[in-house]
Every structure is written in C-alpha cells, then in structure tokens.
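Down below is the structure, laid out as structure tokens.
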Amino acid sequence: MTERIVETIRTVPDLRDAIAARRADGATVGFVPTMGALHRGHCALIKRAASEHDVVVVSIFVNPSQFNQAADLEHYPRDENGDVKAAAAAGATICFAPSAEEIYPADFASSVRVCGPLTETLEGQERGLGHFDGMATVVTILLNIVQPNVAYFGAKDAQQALVVRRFVTDLQIPVEIVTAETVRDQDGLALSSRNARLSPAGREQALAISAALQASANAISDGSAASPDGAAAAGVERLRAAGITPEYLAITDSSTLEPARELSGTLLIACAATVDGVRLIDNLTVIANREAATANC
Ligand code: PAF
C-alpha cells in the first residue's frame, strides 16, 4: 500500500496560499486543531473531517499559553513525524505545524476571554482562568488563519467544546463546530495524549476514572442516588477505592456547567484526577429523567 503524503506547512502565509489554491477549485475545508501526540481519538476526528470535506487541515501546535504549569508543558508528549504520518493515514491533506513565534510574534498583545461559569468552574477553577483564555485565543487565531467550513473537537474536553461554541457564537466567527464522541479503549479508558505518560500500573489505576463516571451514571439511572451530591458520592467512592482523590467529580447542567440542582434533564458528569503523576480528565453525558435515565458512554 502506498503511504499517503501530506504537506507540512509552517508559516501562516504558506498555509493561507495552500488553502486559497484549493478553495479556488471549489474545495470545502475541515479543520482539526490538535496539540499533537495524535491518538485514535484525533484520528476519528480527522477521518470524519475527511469524509465530509475535500481538504482537511490538522494543526499540530503545543500552545504554551494554555498551560498553567511549566512542568506540564515541558512533559507534554511531542512526536511531529509520528503525528504527520497518523494524520496522513487518517485522511488529512495539510498539517500546519507552526513555531511558537509564528503564532505569538514578539509584539503579540491580544487575548480572547469567555466569562462566567463556562470558564470559571471545573477546569477553569483547577487550572486557572488563563487556561481557557490561552485556549480561546489560540483557537481564534487558528480559525482566522484556516477559515474552515467546519472545525472538529472531541467530547472528552466537554468544557473546552462549550467554551469554543460560546466564543464562536459571540464573536460571529463563520464556522460550524462539531463535537464528536469520546473515543475509549475497550476497557473504558478515554484516549488522551497524556495516557502515553502512564506506567502500566498507572494505566490500570486510571481505569477507575471511567468506572467512577459510570458508577455516578448508574446511581442516577437506577434511582439509588436521590440528589446530584449522592450521584457524585457514588463516583468518588469508586475513585477512593482505587486510591484516587479527584480534583473534582461534579454533576452539572450539560450546557451551562452550573452545578445540577436535581437529577433531571441532560447532565454532564465530569471528573479530573491525577494518577501516576499524570492529570487526566473524562466525562459522561446522562439524560436523567427519573423514569428512565440513559448514559451515553
Ligand atoms: O484540545 C486541544 O488539544 C487544545 O486545547 C487545542 C484545541 C488544540 C487548542 O490548543
């Protein structure tokens, strides 16, 4: 089988030219922003984009401004050659792998901020407001450069996807946002670039995160939890049994991320925990209506 070749572009003018040439032929453009270390979750997004568009741009850029800890940025897995091959095999047309200076020139002085509970809770509370400011700013820059018809994000970063939808709407950025289902290993572990840093024992322990989300979802659907706190406690108990103290395990409204007041409507069960020195996040969406709750795992 011949290996697909993708073009790796490093500068904004070159990327704009390459996309403009294809648009002139009537091509539509799908965009998958990544920080590299591509796994099957990213590849599923790229495959979906390739099934819906003539041109698929994948950005590979470890965005320094969304990391709140220098060590986390330093240890973030990087493998550009492997990423370009994986993106090509999944159907990408162009990989955009800019330097930090290309995105943030020396005189860069702007920021995009989404205010309110969407950014202040969960990840915003744990990682600081700068995390979502950094993410929103770089995604805005990338959307302005690529100007895709559709941009694809994974549901594992549910809060990120909601924040992106918010600023795309507020700032009238002409792009459709697709949030695609979380891809999991067979044993339930949500795929993440950070999983590469887990030892075999750490990976085994990390399975408690998806199990805890499921325990909370079950407590909602089988009626054993009488309240959001009760449902959260079921998940926390599962984590503690595995020796994990979560940063949070929260039951929230799935669109506002406000704490759920009762077990009804569409709820997001979201969890963050550090396992084996690696910070992991995961979530489940549950439709809770006291009669028949269903979990979308
Ligand atoms: O989800 C990610 O990998 C990053 O937050 C993103 C969207 C590529 C922005 O840096």
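As the structure lists them, so they are numbered: ligands from 1, and atoms in each ligand from 1.
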Notebook entry, point to check: Of Gln69, Glu126, Glu247, which is the lone residue that meets side chain to side chain donor-acceptor pair (under 3.5 Å) with Arg279?
Noted result: Glu247
Next item on the list: Starting from atom 3 (O) of ligand 1, find the nearest protein heavy-atom neighbour and note its residue, name and distance.
Entry: Met35 CG, 3.5 Å
Next item on the list: Determine, stepwise, if the pair Phe31 / Tyr152 fulfils ring-ring contact (aromatic ring centres under 6.0 Å, His included).
Entry: CA-CA 6 Å; Phe31 176 45; Tyr152 298 82; 9.3 Å; no
Check: Which value, rounded to the nearest 0.5 Å, describes the distance between Ile177 atom CD1 and Thr179 atom OG1?
Finding: 7.5 Å
Notebook entry, point to check: In terms of hydrophobic clustering (I, L, V, M, F, W, Y; side-chain heavy atoms under 4.5 Å; direct or indirect links), are Val6 and Val12 co-clustered?
Noted result: no
Next item on the list: Report the part of Thr34 (side chain from C-beta onward, or backbone N, CA, C, O) that has a heavy atom under 4.0 Å from ligand 1; answer both or neither where that applies.
Entry: backbone
Note to self: Measuring from atom 10 (O) of ligand 1, which candidate in Gln66, Gln160, Met135 has the nearest non-hydrogen atom?
What the structure shows: Gln66
Item checked: Residue Val138 vicinity, atoms of ligand 1 by number, heavy atom under 4.0 Å -> 9 (C), 10 (O)
